[in-house]
Q: 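Submitted below is the structure of interest, expressed as C-alpha cells.
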Amino acid sequence: MRLATWNVNSIRARVDRVVDWLERGNVDVLAMQETKCSDEQFPVMPFLAAGYEVVHCGFNQWNGVAIASRVGIADVQVGFEGQPTWSDKPDVEAAAEARALGATCDGVRVWSLYVPNGRTVGSPHYVYKLEWLAALRNAAEKWLSEDPSAQIALAGDWNIAPTDEDVWSVEFYQGSTHVTEPERAAFNAIVDAQFTDLVRPFAPGPQVYTYWDYTQLRFPKNRGMRIDFILGSPALAARVVHGEIVREERKGKAPSDHAPVLIELA
DNA sequence: ATGCCATGGACTCCATGA
C-alpha cells in the first residue's frame, strides 16, 4: 500500500493536479490538508471517477482536512478526543476547527492533521498550537495503549521544523514560529510516544524540505522547510519499505507550496 | 531546469499562510 500526505492549499484550485498525481503516483491513500472549502464545496467527482472514496471535514474557507482512499474508508472520526477549540472573534464561541480527520483504510488508522500555524511566538494562536499538540499527544498515546499492535499514521502538515537542519536558514527564522523550543518539544513528545518519522530514513538531510514559500524564488533556490511528516506507530513502522518527498509536484503550473510526502508499506 | 505570492470571500481590499 502507498500512503501519502499533502497540504494542497485549496482542493478546488488544484483538484486536477491532485487526482492526476494519485493516478501517476499509484497512491492508494492520501491525507489532504488545507482544502479551504466546506463539505458541500469539496469536488468529490474527480476522485470518484478515478476510483477513490473521499471523506472531508471543512466548515468554510479556512483549514479543511480530507482522506481519499481506493482501499476502503471505515470508522471515520472528525477531530480527536480533547481537541482544543479556537475563536478569533469575541462574538463567536470557540469551536473545534477542521484540522483532524481519522479513518481506517485497509487496516491502517490514518489521521489527516493540520496543526495550527501559531502565527507569532507568544500569541494566543501560538498557545493554541502548543495545546493542540499536547492534546494530540495524549489522544495518540491512548490509541496506542489501547492496542499496542495498531497501525496508526499521523500524517499531515505539522507546521514545525523539528531541527535547525529542517530550515534553509536558521537566521531567517530566528524569532519566528515553527522553530521554537516549545514547538519542537511538543513534536518530540509525540515521537517519544513511539510515533516515528517514517520518511526521514529514506530522505536524509541536510537541505531536504517539504515546503517552499511562493515568493523570492524559494523553490528554485531550494530555500524551504521540512514541516510535513508521516509519523507512524511501531506496527506501521515495521511495514515501511520506502519513503519519499515528491519534489516534482512542487514544480509546474499552479502548484501547492507544499510537496506530497509518501510511504510504501509491505 | 523548478522561475520571482496564492487563495477565498467580502468588497475594490483583506485575512491567512509560515
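Within every chain, numbering begins at 1; the chains are lettered A, B, ... in the order of the sequence lines, protein sequences first and strands thereafter.
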Q: Just how far, in rounded Å, is P of B/dT7 from CG of A/Asn7?
A: 12 Å
Q: Look at A/Gln216 and B/dC5 and indicate whether a side-chain polar atom (N or O) is within less than 4.0 Å of OP1 or OP2.
A: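 For B/dC5, OP1 or OP2 has a side-chain N or O of A/Gln216 closer than 4.0 Å.
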Q: In whole angstroms, how far is the C1' atom of B/dG17 from the NE2 atom of A/His258?
A: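 Taking atom C1' of B/dG17 as the reference, NE2 of A/His258 is at 8 Å.
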Q: So does A/Thr177 get a side-chain nitrogen or oxygen closer than 4.0 Å to the phosphate oxygens (OP1/OP2) of B/dA18?
A: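 No, outside the criterion.
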Q: Is A/Glu93 atom CD crowded by more than 12 heavy atoms from other residues, nucleotides or ligands, each under 6.0 Å away?
A: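 Not buried by this count: 12 neighbours or fewer within 6.0 Å.
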Q: Return no unless some side-chain N or O of A/His178 is found under 4.0 Å from OP1 or OP2 of B/dG17.
A: no
Q: So, OP1 or OP2 of B/dG17: does either fall under 4.0 Å of a side-chain N or O from A/Gln33?
A: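 Indeed not, no polar side-chain atom of A/Gln33 lies that close.
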Q: Roughly, in whole Å, what's the span from CD in A/Glu34 to P in B/dA18?
A: 5 Å
Q: Using the P atom as the reference point in each nucleotide, state the distance between B/dA10 and B/dT16 in Å, no decimals.
A: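 Looking at atom P only, B/dA10 and B/dT16 are 14 Å apart.
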Q: Return the 5'-most residue of the pair A/Lys251, A/Met225 with respect to DNA chain B, ranking by each residue's nearest nucleotide.
A: A/Lys251
Q: Using whole Å, report how far CZ of A/Arg250 lies from P of B/dC4.
A: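 Whole-Å distance recorded here is 10 Å.
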Q: Quick one: label A/Asp88 by what it contacts on the DNA or RNA (base, sugar-phosphate, nothing), any heavy atom closer than 4.0 Å.
A: sugar-phosphate
Q: Around atom CD of A/Glu248, are there more than 12 heavy atoms of other residues, nucleotides or ligands at under 6.0 Å?
A: no
Q: Is any side-chain nitrogen or oxygen of A/Asn9 closer than 4.0 Å to OP1 or OP2 of B/dA6?
A: no
Q: What does A/Gly118 touch in the nucleic acid at a heavy-atom separation under 4.0 angstrom: a base, only the sugar-phosphate, or nothing?
A: nothing
Q: Using a 4.0 Å heavy-atom cut-off, does A/Tyr114 contact any base of the nucleic acid, only the sugar-phosphate backbone, or nothing at all?
A: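 Sugar-phosphate, no base atom in range.
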Q: Work out how far the C1' atom of B/dT2 is from that of B/dC13, and round it to whole angstrom.
A: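 So the two C1' atoms sit 32 Å from each other.
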Q: Indicate the ring-plane relationship of A/Tyr128 and A/Trp86, choosing parallel, tilted or perpendicular according to the 30° and 60° boundaries.
A: parallel
Q: Please state how far atom OH in A/Tyr128 lies from atom P in B/dT16, giving the value in whole angstrom units.
A: 13 Å
Q: A/Glu248 near the nucleic acid: base, sugar-phosphate alone, or nothing, with a heavy-atom cut-off under 4.0 Å?
A: nothing
Q: Start with the C-alpha gap between A/Trp168 and A/Trp212, add the side-chain angles, then the distance that decides, and say whether ring-ring contact (aromatic ring centres under 6.0 Å, His included) holds.
A: CA-CA 10 Å; A/Trp168 67 272; A/Trp212 301 261; over 10 Å; no
Q: Which nucleotide, B/dG9, B/dC5, B/dA18, lies nearest any side-chain atom of A/Thr215?
A: B/dC5
Q: Would you say a side-chain N or O of A/Tyr211 is under 4.0 Å from OP1 or OP2 of B/dC5?
A: no
Q: What's A/Trp212 touching, base or sugar-phosphate or nothing? Going by heavy atoms closer than 4.0 Å.
A: nothing
Q: Can you check the distance between B/dA15 and B/dC11, where both ends of the measurement are the P atom (answer in whole Å)?
A: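 It comes out at 12 Å once rounded to the nearest Å.
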Q: Tell me what A/Arg14 touches on the nucleic acid: a base, only sugar-phosphate, or nothing, going by heavy atoms under 4.0 Å.
A: sugar-phosphate
Q: Check every strand shown and say whether A/Asp257 touches a base, only sugar-phosphate, or nothing at a heavy-atom separation below 4.0 Å.
A: nothing
Q: Return the value, rounded to whole Å, for the distance between atom CG of A/Asn60 and atom P of B/dC14.
A: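 Going from A/Asn60 (CG) to B/dC14 (P), I get 20 Å.
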Q: From CD of A/Gln61 over to P of B/dC13, roughly how many Å is that when rounded to an integer?
A: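 Distance, rounded to whole Å: 20 Å.
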Q: Report yes if the distance between the aromatic ring centroids of A/Trp158 and A/Phe187 is under 6.0 Å, otherwise no.
A: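 Yes, the ring centres sit under 6.0 Å apart.
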Q: Which part of the nucleic acid does A/Arg12 contact within heavy-atom distance under 4.0 Å: base, sugar-phosphate only, or nothing?
A: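 Sugar-phosphate contact only - A/Arg12 comes under 4.0 Å of backbone atoms but never of a base.
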Q: Between A/Phe202 and A/Pro204, what is the shortest heavy-atom contact and its length?
A: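 For A/Phe202 and A/Pro204, the tightest heavy-atom pair comes out as C-CD, 3.5 Å.
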Q: Nearest to the A/Asn117 side chain among B/dG17, B/dT7, B/dT2, which nucleotide is it?
A: B/dG17
Q: Has A/Arg218 got its NZ or CZ under 6.0 Å from the middle of the six-membered ring of A/Phe172, at an angle within 45 degrees of the ring axis?
A: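 Yes - A/Arg218 lies over the ring of A/Phe172, closer than 6.0 Å to its centre and within 45° of its axis.
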Q: Of A/Arg119 and A/Gln41, whose nearest nucleotide on DNA chain B comes first from the 5' end?
A: A/Gln41
Q: Rounding to a whole Å, what distance do you find between A/Tyr173:OH and B/dG17:P?
A: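 Atom-to-atom, A/Tyr173 to B/dG17, this comes out as 15 Å.
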Q: Need one value for A/Asn63: base, sugar-phosphate or nothing, where a base atom within 4.0 Å counts as base even if backbone is also close, heavy atoms only.
A: nothing
Q: Can you check the distance between B/dG17 and B/dC4, where both ends of the measurement are the P atom (answer in whole Å)?
A: 24 Å
